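The structure under discussion appears below in the form of structure tokens.
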Protein chains: 2
Amino acid sequence: MSGKPLDVDTAAMVAALFAALSDTSRVRIISTLVSGERNVSSIAQAVGISESAVSHQLRSLRQMRLVHARKQGRQVFYCLDDEHIIDLYQRGLDHVLHE
Amino acid sequence: MSGKPLDVDTAAMVAALFAALSDTSRVRIISTLVSGERNVSSIAQAVGISESAVSHQLRSLRQMRLVHARKQGRQVFYCLDDEHIIDLYQRGLDHVLHE
DNA sequence: TGCATATATGAGCAAGTACTCAGATATATC
DNA sequence: GATATATCTGAGTACTTGCTCATATATGCA
């Protein structure tokens, strides 16, 4: 009998991290942020979904600490919070492109 | 206006890859396979869910080509299909452990 | 103060998902 | 062949999710 599985709590955290990257819209949102910060309506326009939908998605990405919000006047600029996230995203992208 | 988002089809493939790792049970299944191949009932016992549930999950992992099945008699041994998957899993795990 | 703009939020709903249960299939042993 | 074991599969169901729509909040400007 080889190794035991990850304990449930840790596995749930890992799953939640990957779940953040498990939706087409969120992947596209993140892909627009790889090149730098961007405000909500700009993201919405680039990705092609409503500002409300973007806002909802950004909230969960924020709660997962994958993005960081910076308020400037009436606008809120979002950027990727962490190099690791870019790395994960990039590796996922490479994987699907290389086969 | 910074970079454009990933096109929808590619983003959907990336999302599907991460979706495979977005469930607690699947993460635990994968974690048991990191140390080597294992048959279905052994996985079910280790993870603590029914063999039917494991079989269902293994099917989607198989369809995503994340695991490989090797039949030996009545048993089917599964292993991770790809070093990249172990790498993704490990990076996800590291990320949640290091904060 | 009043109005326009930018974003956030909550409710509600259609679609997806992870399980259970019953039954099918395949292989080994008698 | 008959039976037991290992796995797979389809249907059904409770739960989750990503959207829309209406509305709330916050900021800038006249």
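Nothing here was measured: the structure is a model prediction, and the numbers come from that model. Labels below follow one simple rule: chain letters A, B, ... track the order of the sequence lines, proteins then strands, and each chain is numbered from 1.
- OP1 and OP2 of D/dT7 both lie 4.0 Å or more from every side-chain N or O belonging to B/Ser55.
- Rounding to whole angstrom units, CG of residue A/Asp23 and P of C/dA15 are separated by 16 Å.
- When heavy atoms are screened at a 4.0 angstrom cut-off, B/Gln75 is found touching the sugar-phosphate backbone but no base atom.
- Dashed line: the shortest gap from a side-chain N or O of B/Tyr78 to OP1 or OP2 of D/dC8 is under 4.0 Å.
- Between B/Ile29 and B/Val67, every side-chain heavy-atom pair lies at or beyond the 4.5 Å cut-off.
- You'll find the side chain of A/Ile49 stays beyond 4.5 Å of the side chain of A/Arg28, heavy atoms only.
- Residues A/Phe77 and A/Leu33 do not share a hydrophobic cluster, clusters being chains of Ile/Leu/Val/Met/Phe/Trp/Tyr side chains in contact below 4.5 Å.
- For A/Ala53, the side-chain atoms get nearest to D/dT20 when compared with the rest of D/dT20, D/dA6, C/dT9.
- A donor-acceptor contact under 3.5 angstrom links the side-chain atoms of A/Ser52 to the base of C/dT9.
- The shortest distance between the side-chain N/O atoms of A/Arg62 and the OP1/OP2 oxygens of C/dT7 is not below 4.0 Å.
- Whole-Å rounding puts the A/Ile49 CD1 to D/dT17 P distance at 17 Å.
- Nucleotide D/dC8 holds its C1' atom 15 Å from the CZ atom of B/Arg74, rounded to whole Å.
- Regarding contacts with the backbone of D/dC19, a side-chain N or O of A/Ser25 is found under 4.0 angstrom from either OP1 or OP2.
- Residues B/Phe18 and B/Leu88 have side chains in contact (heavy-atom distance under 4.5 Å, counting atoms from C-beta outward).
- Going from atom NZ of A/Lys71 over to atom P of D/dA26 covers 7 Å, rounded to whole Å.
- Taking the six-membered ring where the residue is Trp, B/His95 and A/His84 present perpendicular rings, their angle passing 60° and hence far from 30°.
- Taking side-chain N and O atoms only, B/Asn39 has no distance below 4.0 Å to OP1 or OP2 of D/dA6.
- With contacts defined as side-chain heavy-atom distances shorter than 4.5 Å, the pair A/Arg65/A/Asp82 does not qualify.
- Put simply, CG on B/Leu58 is 10 Å from P on D/dT7, counting in whole angstrom units.
- Put simply, CD1 on B/Ile29 is 11 Å from P on C/dA18, counting in whole angstrom units.
- Considering only side-chain N and O atoms, B/Ser41 lies nowhere under 4.0 angstrom from the phosphate OP1 or OP2 of D/dA6.
- The CZ atom of B/Arg70 sits 15 Å away from the C1' atom of D/dA6 (whole-angstrom rounding).
- The residue A/Phe77 sits apart from the nucleic acid: no heavy atom pair falls under 4.0 Å.
- Annotation: of the two residues near DNA chain D, A/Gln72 and A/Ser60, the 5′-most nearest-nucleotide partner is A/Ser60.
- In this structure, the aromatic ring of B/His56 is positioned over the six-membered ring of the base of D/dT9, centres within 5.5 Å and planes within 30°.
- Per the geometry, CZ belonging to A/Arg59 stands 13 Å off C1' belonging to D/dG18, to the nearest Å.
- The phosphate of C/dA18 (OP1 or OP2) has a side-chain N or O of B/Arg26 nearer than 4.0 angstrom.
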